[in-house]
There are 4 protein chains.
Amino acid sequence: MSGSVNKVILVGNLGRDPESRTFQTGGKMVTLSLATSERWKDRTSGEQRERTEWHRVVIMSEGLVTVAERYLRKGSKVYLEGQLRTRKWQDQAGQDCYATEVVLGGFNASLVLLDKAQGGPGRNDYSGYGDTPGAGGGGDAGSGPEAAADAGARDDLDDDVPF
Amino acid sequence: MSGSVNKVILVGNLGRDPESRTFQTGGKMVTLSLATSERWKDRTSGEQRERTEWHRVVIMSEGLVTVAERYLRKGSKVYLEGQLRTRKWQDQAGQDCYATEVVLGGFNASLVLLDKAQGGPGRNDYSGYGDTPGAGGGGDAGSGPEAAADAGARDDLDDDVPF
Amino acid sequence: MSGSVNKVILVGNLGRDPESRTFQTGGKMVTLSLATSERWKDRTSGEQRERTEWHRVVIMSEGLVTVAERYLRKGSKVYLEGQLRTRKWQDQAGQDCYATEVVLGGFNASLVLLDKAQGGPGRNDYSGYGDTPGAGGGGDAGSGPEAAADAGARDDLDDDVPF
Amino acid sequence: MSGSVNKVILVGNLGRDPESRTFQTGGKMVTLSLATSERWKDRTSGEQRERTEWHRVVIMSEGLVTVAERYLRKGSKVYLEGQLRTRKWQDQAGQDCYATEVVLGGFNASLVLLDKAQGGPGRNDYSGYGDTPGAGGGGDAGSGPEAAADAGARDDLDDDVPF
DNA sequence: TTTT
DNA sequence: TTTT
């Protein structure tokens, strides 16, 4: 289909440190476990309720992989933008199973750190890596996030699906 | 967690007619099967490739349920905005399975029809139902989308998960 | 036109404290001055460059007005979602002038505080006010953000346009 | 500031054909005049009201410039994603004037055609140019949108601001 | 005018 | 598993 958009925007905290994997082809990917939550007052009981959602995030862009490895930690708060992707596989009983991930790869992927002070680098001029240059002032599209992993390599990760 | 955002924006076409279900409690929900796709040139082979992603969309907001039932059909193109929600259940083999849906319910859900002429109403002044009023000119927040279904009712739908 | 979307998403810091105004009709609005900035390496010179953008944000939703007054201060970091609106007026020389604002009013407006500790309330269960309930668990759409100000009242603010 | 996001998402129709300009430096930019509108029922009078908003859109990305020139026409419906940028200048009376544009340049800019049949190319495999590859299947970031124009060149366009 |  |  032409003319489609597939976009996810999340702001939340990491439930654990990022996990890196290297492909045989040299590429790298990082997975995050990101929590978002919402609160509301129950309509009938009037009590506070809360629901936490856990998102599996897969970072494929070379630039964003670097940012994630360097600056993200368990507890980090981030803004991110990616795409939905659902993978399907058969469990031992031959049943179809599905896992949906938020993939940051290629264009229109962003990762912005929202923590005050990460204790890491002097200044975190890395953040917003995927959302930066802009053409309005001599921008430079050359150093941004790039699709890194390739399809063949990706496939052999199918078995670690249930996050 | 305070301070989180969970947002999905999709533009795509319906793979089949919307499906409605009524809860014992009187509420209603509609599910959509929405396709988005992307094309790119393969880096190595140079050939055109295409990948289609299917999204399970669940509409809970009363207003948006009405819009969906009335104006959406197989093939309709829509813009929609909702939240990610993953449900977990056990298959017969006792394995954990997951299904992620895009839920349109409560605030910040939108459904905007993008087809030229739906053949339905004289003018499609329904579209953008969830994205409209605005306060900038005597807006009216009273007739908008509202959370409809309740959790217990939702549970008995678990068996139709693999979309 | 049917079928349109007008959405702005910003993450940035307040340049000064929020400013409140009360309408004769009793409604209230709050304006924010929000900075976003981006950095990039100049393509030719190779030097770091930075560009800061200032956004005039107008909050009309009753609920979000309350949140802004209570918890936002100069320096606060926020995620917000609103709509673009351009107002036009004549300056003394009879020239057309324009001012574009990001308006948070009606549906699909959000304000999420991103600061670690605001020093205010025990817990900041206010944040995400406009992005919360969700229908997936007995949600309640009744207490959310609502369009507050009315058009007539708004008009007499036209003179403070150049922000 | 690190950690900021400046994003605009619009779906609307072009009020006139795209306008192209070439810089002395060889770069190109295209401007669009895009309408979004919303309808609501007036709270007091109960009558239908409508408000149309016109957005000035500036496309700087090389790839998106090409797409815009080739496939967009007056009346075209598009989804686009860009950034807010406000420019300031003095009118003849020495008054400060401002113009805010939605800029599509650099990363995270998208332009997706939503018309059924543009009468142009066999299939519109151009659309979604800025939102496509994705790393999940042998993606290719090399042919995407790039920042094109430079700042000096941009400046001599200041006089056509009031759109 | 913010932030790093 | 995060966060408040």
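Naming: A, B, ... by sequence-line order, numbering from 1 per chain.
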Looking only at side-chain atoms of [X], point me to the closest of [options].
X	options	answer
Ala35(C)	dT1(E), dT2(F), dT2(E)	dT2(E)
Ser33(A)	dT1(E), dT1(F), dT4(F)	dT1(F)
Lys74(A)	dT2(F), dT4(E), dT2(E)	dT2(F)
Trp54(A)	dT2(E), dT1(F), dT4(F)	dT1(F)

Let me know the distance between [atom1] of [X] and [atom2] of [N], rounded to the nearest Å.
X	N	atom1	atom2	answer
Leu113(A)	dT4(E)	CG	C1'	12 Å
Arg16(A)	dT1(F)	CZ	P	10 Å
Leu114(C)	dT4(F)	CG	C1'	13 Å
Leu72(C)	dT1(E)	CG	P	20 Å
Leu14(A)	dT1(F)	CG	P	15 Å
Trp40(C)	dT4(E)	CH2	P	20 Å
Glu50(A)	dT2(F)	CD	P	13 Å
Lys77(A)	dT4(F)	NZ	C1'	9 Å

Inset, instruction - Record whether the side chain of Thr52(A) comes under 3.5 Å of the base of dT2(F) through a donor-acceptor pair of N or O atoms. - result: yes
Legend entry - SB check Glu53(C) Arg85(D) (cutoff 4.0 Å): no
Legend entry - Any donor-acceptor N/O pair, Ser45(A) side chain to Glu47(A) backbone, under 3.5 Å: yes
Legend entry - Test side chain to side chain donor-acceptor pair (under 3.5 Å) applied to Glu19(A) - qualifying residues, sequence neighbours left out: Arg16(A)
Inset, instruction - Can you sort out the partners of Thr22(A) under side chain to side chain donor-acceptor pair (under 3.5 Å), two or more places apart, ordered by chain and number? - result: none
